[in-house]
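Worksheet: the structure to be examined is printed underneath.
Each chain gets a letter, A, B and so on, in the order the sequences are listed, and its residues count up from 1.
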Amino acid sequence: MSDSPIAGPAHGHGALAEAGDPHHGEHPSYQRHHFETVDQQADATNFAMWLFLLTEVMFFGGLFTAYLIYRNWYYPAFVAASHQLDVRWGSLNTLVLILSSFTMAMGVWCSETRRRNGLMLCLTLTFILGMAFLGIKTIEYHEKWEKHHIPGLHYSLQSFLDPASDEAAAKYGDSPLPLDMARHTELYFFLYFAMTGMHALHMIIGIAILGFMIVRARAGAYTNGHVTFVENFGLYWHFVDIVWIYLFALLYLISRHQ
Amino acid sequence: MNQISPVLWQFLVKWMTNFALFPPEASKIAPQMDALFFFMVLVSLIGLTIVLLLVVAFSILYSKERHPQAVQIEGSTLLEATWTIIPLGLFLIMFVWGALIYFRVYTPPANAMNIYVVGKQWMWKAEHPGGQHEINSLHVPTGQPVQLTLISQDVFHSFSIPAFRVKREAIPGRYTTVWFEATMPGTYHLFCTQYCGTNHSQMIGDVVVLSPDDFKKWLAGSTSGDSLAQNGERLFASLSCNACHNIRPDARGPSLANVYGAKLTLSTGQAITADDAYLRESILNPSQHITQGYAPIMPTYQGQVSEEGVIALVEYIKNLNSDYRIQQTTNTTDLLPESEGSAARQQLKPQGKVNP
Amino acid sequence: MSATIVSLPDQSTARIPKTNFLTKENGLLSWLLTGDHKRIAILYLISITFFFFVGGALAGLIRLELLTPQSDLMATDTYNKVFTMHGVVMIFLFLVPSVPATLGNFFIPMMIGAKDLALPKINLLSWYLYVAGGILVIYTMAAGGVDTGWTFTTPLSTHYINTNVMSTGMAVFIAGFSSIFTGLNFIVTLHKMRCPGMTWFRLPLFCWAHYAASILMVLGTPVLAIAIVLVALERTVGIGVFDPTKGGDPILFQHLFWFYSHPAVYIMILPGMGVISETISTFSRKRVFGYTAVAFSSVAIAVFGFFVWAHHMFIMGISNYAVLVFSLLTMLVAVPSAIKIFNWTFTLYKGSITFETPMLYSFGFMGLFTIGGLTGVFLGASGTDIHLTETYFIVAHFHFVMVGGMLMAFLAGIHFWWPKMTGRMYPEKISQMAAVVTFIGFNFTFFPQFILGMLGMPRRYAAYPPEFQVLNVFSTAGATILGVGYLLPVLYLTWSLKYGEIAGNNPWQATGLEWQTQSPPLTENFTRIPIMDHEAYDYEWLEAQQAKEVASVR
Amino acid sequence: MSEQTNHTEHEHHVTSPTVYIVILFSLLVGTALTVWASFIDLGPWNPVIALAIATSKAMLVVLFFMGVKYSTKLTKLTVIAGIFIFLGLISMTLSDYMSRAWGRW
């Protein structure tokens, strides 16, 4: 029974691999069997990573829609609640994350130009900056914990009903909010914890993968021409940085003027 | 088939007697919506028959026996254009016609009689301005536009009267309205059509349409004490709203006489009309609805007054056409305990008249 | 009915080819850790059939309960749990993955001349996520079910239900990712893995339909994921994003939920349309009429499909002007479906039509999907939607589109590609009878529900007023016929695995690349990567090909 | 800088570190700018400026750090499609919330 492959009049142009010989020499070891060329594999995985980032954009999109609507509905509550956040920590965190984006980009460059030590340095720097970011986040979360600003766990409105008693609010000279508006600060803090929590979760996943990459990089994995893993992780890391850029602008910087 | 089994016979009789294709047209909007519905059925039938005729005809004409060698045809942009433009045209006609009916149903006329409906897990409570309270039933007169202001106390419910072709979701936290004008006296189904938990299918009732004078007899027969507005007045006093909203020159709150329907400018400079929703919101979330020139000192009453209480207060404020009533209640209920307050009020009732 | 285009090799000498993807490696691990898209498709086929019959049994319970006006077969909250699980199982575990994960996984790489999907490991992960979601749903049913309805309407699902909403939410969350990874795989494969000569307009319409459905999967599903995460957070931490007493807005959940759930219905129907393009073309021996129009209408449905979601919320108190916008866009999204139906109809013109089972199912699809689509316009026009929404009219509408459209297309596809997948032919006569039984049973079941809907019978009612009983009895009677219609294929298809005739490479003499190789195919699909030098559905090329083959044999 | 990048990488653009440093610097300036801008009372313009600066920073990261500027047309199209649908979600949802007050209900 002839399994008749469609033999065009003359088959084979350029890199068409001879049939039935899986281990033809010129294919590098990391090329998967179902790809014709390494380029095709690199393009495909890069494109797949971008599509995955689109799902992340839509995932955070739902949160941003909710934030946008409630900020318009309860603007005074959002202003008062955002004064509870410390702009200094926020700006420092943005600085840390932009630096980590830079070191990650340099890491990708080192991997492309086959610099093993450079790659090791950049990945470790990114790892440290990522941990620094999470450290600052825990400090901020801890401060919310002390002030009972964790939504749902006996959330206290005290610092909004009577701002004088709260030094963060007093600094901005906030006028006391009536009860019904002060209630909605709990909504702000829920959105704050939901968005920064989801972002922190993505950071933790990123840092875990970074650790794995550092181990593999020490064994010289990404400096032999196969850079797709580092590149794709770089895309993911830069995406997480972009989410933070918007979070910082939307959550921390609502009308900081007196 | 000389003997049909009784079960089948009873089934056929039931089927023959109350066979109906669509509910009775018992409201003014019903025939208009049915007209659009049957236009759509007609268009769909035509479209379906065209497709079926073509498929059957081609299947017969070009079956393999009759037409063994297929003729390859690329396509024709003319045909593509026709079956893009024609469906689009028909659908746009349906869109415009549907939107007209939609706006007609959800924009209540000014002269409508307002009935408040509160949806609660698994019952409907209707409250007539005259104070009549109904559970799972609604009595309405014919020939008079009736506006329903719906709200839910817990989850989404949906107030649906198929005979009137009218349906509106009762949402917790916000008034939604719908209006109709009943035309045919009779008793019709009332359903809750948004899934609301265990007894969703028990949350049904009857809408009883009466002729105008029967309706008056029913109103008179079933009054249960105070009208909604009087209830509201009592609440207005007991919650000491009149401590700020009174006619004294140094009143801390704006006077509420004739406020319903008036154009207000808020402290944020925003201009709004004071409608039912605004009155409710300013009772529950006052700090966002402070009228210009007044301090934001009004406390929220969220949790202190039930939905029915808010409805009574809103009804009271809507009927407040002079400050006379507030002035009367101001000096009677400030300090007096509840019991004496009502005694004093009895004495006041004959002179002052709060129109139901 | 006698003429047929089936051409099988001489049964006395024909054998299933020795090496194929089924026999290449055996043992449980070779199946559970496979990267081969064909094996993953078979795994999906088995698990999807299982969940189809779980959902079908629940549907049977619902129809039995509705035989009588009172709720007497089961208590009302049990009925609520049954229809909720019917919704969740059927939508998330059957309709969304069925054609893409089985037929799409199996045939897209073969149709574009590739050895496998771009990301085989992600494909296997997608199946494991599907099974994890399925197990969680089974756990939910065992642990007492959930009675929020498949729409998780807040504040009901967040504050007024104490059945296991969390485990159902997690199940849907995980099954959502399975759908995302399938969609992601298809988009990357269709862009990057086409064989030389396979331009976009030489792709079979099956691939176009899956490309459009994949865009919806990738971009729509995450919004459902975040909506469910917010519901879960609100149930655990009790925070008021959707809770009106705390200042939240339950309508925001509706927006986020329906932003996914409307594109989801296009995710379900588009792959089915892809199957129909293939079957109608093969069994009328003709290129699909207006190929580019059908291809672009798939993409148009995908793009417009994103901006119509609020037509599920017309009576929920969204603003009247938003209703205008969404109603207009709903009318626009209905037009591409009309274009497709007319193009399929005119594909039959001057064809050479035969009526094997896939063609019967395709005719069933065209009839029922036309009715389903048109009744969708009834609901898109905001005026009539006031009366018809949340009644049995809606139930009839989406069953006509999903069961009449999608399921018919799935069965058409299963019968059409069964010879290629298993190397065996299904029994023709009994399957034609099953198709007719399904069509009759379907109409008997769901047509009365249109009338019930117009009469105003609400959805999800365990007990209903007595005057609706007659139509409900018809509907239940139809449901039994439908049940039989769906059981038959399982029986004779399993029977055919052992006793079916040997199908050979191209039993239908179809033009797709998947029909030019052996069946069941090799693990790497082709001995040599094909070169596409002809248009899609090019029957002249096929005849030339066959003539050359005959010449070479002699 | 190894010259002999084999033929599979020639068309793959390698962004030079100087570009990265310039982008890093402009991002830091952007951050400083947006923090400073938030301390000035610009009334309704505050959120607009904050979002404008954030978007420009995000554009820099996407174009240079993520290399979309040098990548294939397909990647550019994907990014635009994602943003289009994301903005579609936001604008259509807001179209409902914004226009609720127009009609009576």
Side-chain angles (χ1 to χ4, degrees), chain A residues 28 37-39 42-43 46-47 50-51 53-58 60-62 64-66 68-69 71-73 87 90-91 94-95 98-99 101-102 104-106 108-110 112-115 225 227 231 234-235 237-239 241-243 245-250 252-258, chain D residues 1-2 5-9 11-17 19-21 23-24 27-28 30-32 34-35 37-43 46-47 49-55 57-59 61-62 64-68 71-72 74-75 78-79 81-83 85-87 89-90 93-94 97-98:
Chain A
T37 67
V38 177
D39 266 355
D43 276 359
N46 182 281
F47 185 41
W50 271 106
L51 285 173
L53 291 185
L54 286 197
T55 62
E56 292 280 2
V57 164
M58 293 311 291
F60 279 98
F64 281 114
T65 320
L68 220 55
I69 286 165
R71 174 168 164 164
N72 285 328
W73 274 18
V87 178
S91 321
T94 314
L95 205 73
I98 288 176
L99 275 177
S101 244
F102 170 71
M104 190 63 221
M106 289 307 294
V108 170
W109 177 74
C110 294
E112 279 161 351
T113 49
R114 301 176 181 238
R115 285 177 163 65
V227 295
E231 243 173 33
L235 294 182
W237 193 259
H238 294 311
F239 167 79
D241 178 24
I242 290 171
V243 170
I245 287 172
Y246 278 102
L247 285 187
F248 177 60
L250 289 175
Y252 284 78
L253 299 182
I254 320 172
S255 67
R256 285 284 169 178
H257 44 73
Q258 249 57 24
Chain D
M1 188 71 172
S2 62
T5 49
N6 58 37
H7 75 283
T8 53
E9 277 179 65
E11 80 282 18
H12 177 69
H13 176 85
V14 177
T15 329
S16 72
V19 170
Y20 287 146
I21 290 164
I23 296 302
L24 168 69
L27 286 176
L28 297 179
T31 312
T34 192
V35 172
S38 78
F39 279 92
I40 311 160
D41 181 0
L42 304 161
N46 262 40
I49 288 177
L51 276 181
I53 296 172
T55 309
K57 282 162 65 179
M59 288 272 293
V61 171
V62 166
F64 295 99
F65 278 179
M66 296 168 110
V68 164
S71 65
T72 59
L74 177 65
T75 317
T78 320
V79 170
I83 292 165
I85 299 291
F86 169 65
L87 292 179
L89 164 67
I90 290 204
T93 317
L94 281 187
Y97 281 94
M98 288 307 158

[X] portion near chain D, given a 4.5 angstrom heavy-atom threshold:
X: A:F102; result: both
X: A:W73; result: side chain
X: A:V57; result: both
X: A:T94; result: side chain
X: A:L253; result: both

Which pair of non-hydrogen atoms, one from [X] and one from [Y], has the smallest distance, and what is that distance?
X: A:L95; Y: D:L28; value: CD1-CD2, 3.4 Å
X: A:H238; Y: D:V61; value: CB-CG1, 3.8 Å
X: D:Y20; Y: A:M106; value: CD1-SD, 3.6 Å
X: D:A54; Y: A:A249; value: CB-CB, 3.9 Å
X: A:L235; Y: D:M66; value: O-CE, 3.2 Å

**Heavy-atom pairs under 4.5 Å with chain D, option from A:V87, A:L68, A:I69 with the top count** =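 Most heavy-atom pairs within the cutoff with chain D belong to A:I69.
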**Request:** For each of A:L99, A:T65, A:I98, tally heavy-atom pairs with chain D at distances under 4.5 Å, and name the one with the top tally.
**Result:**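 Maximum pair count with chain D is reached by A:I98.
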Heavy-atom proximity to chain A below 4.5 Å, by part of [X]:
X: D:S71; value: neither
X: D:L27; value: both
X: D:T15; value: backbone
X: D:F65; value: both
X: D:T34; value: both
X: D:I53; value: neither
X: D:I21; value: both

Under 4.5 Å, counting heavy-atom pairs only, tell me which of [options] racks up the most with chain A.
options: D:V79, D:L89, D:T55, D:I85; value: D:T55
options: D:P17, D:A58, D:G82; value: D:P17
options: D:T93, D:T78, D:N46, D:I90; value: D:T78
options: D:L94, D:I23, D:L74; value: D:L74

**Request:** Go through D:Y97 and A:N72 one step at a time and tell me if the side-chain contact (heavy atoms from CB on, under 4.5 Å) criterion holds.
**Result:** CA-CA 10 Å; D:Y97 281 94; A:N72 285 328; over 6 Å; no
**Asked** How about D:V62 and A:F239: do any of their side-chain heavy atoms sit closer than 4.5 Å?
**Response**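 No. Closest side-chain heavy atoms not under 4.5 Å.
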**Message:** With a 4.5 Å cut-off on side-chain heavy atoms, are D:V35 and A:F248 touching?
**Reply:**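 With C-beta onward as the side chain, the pair touches.
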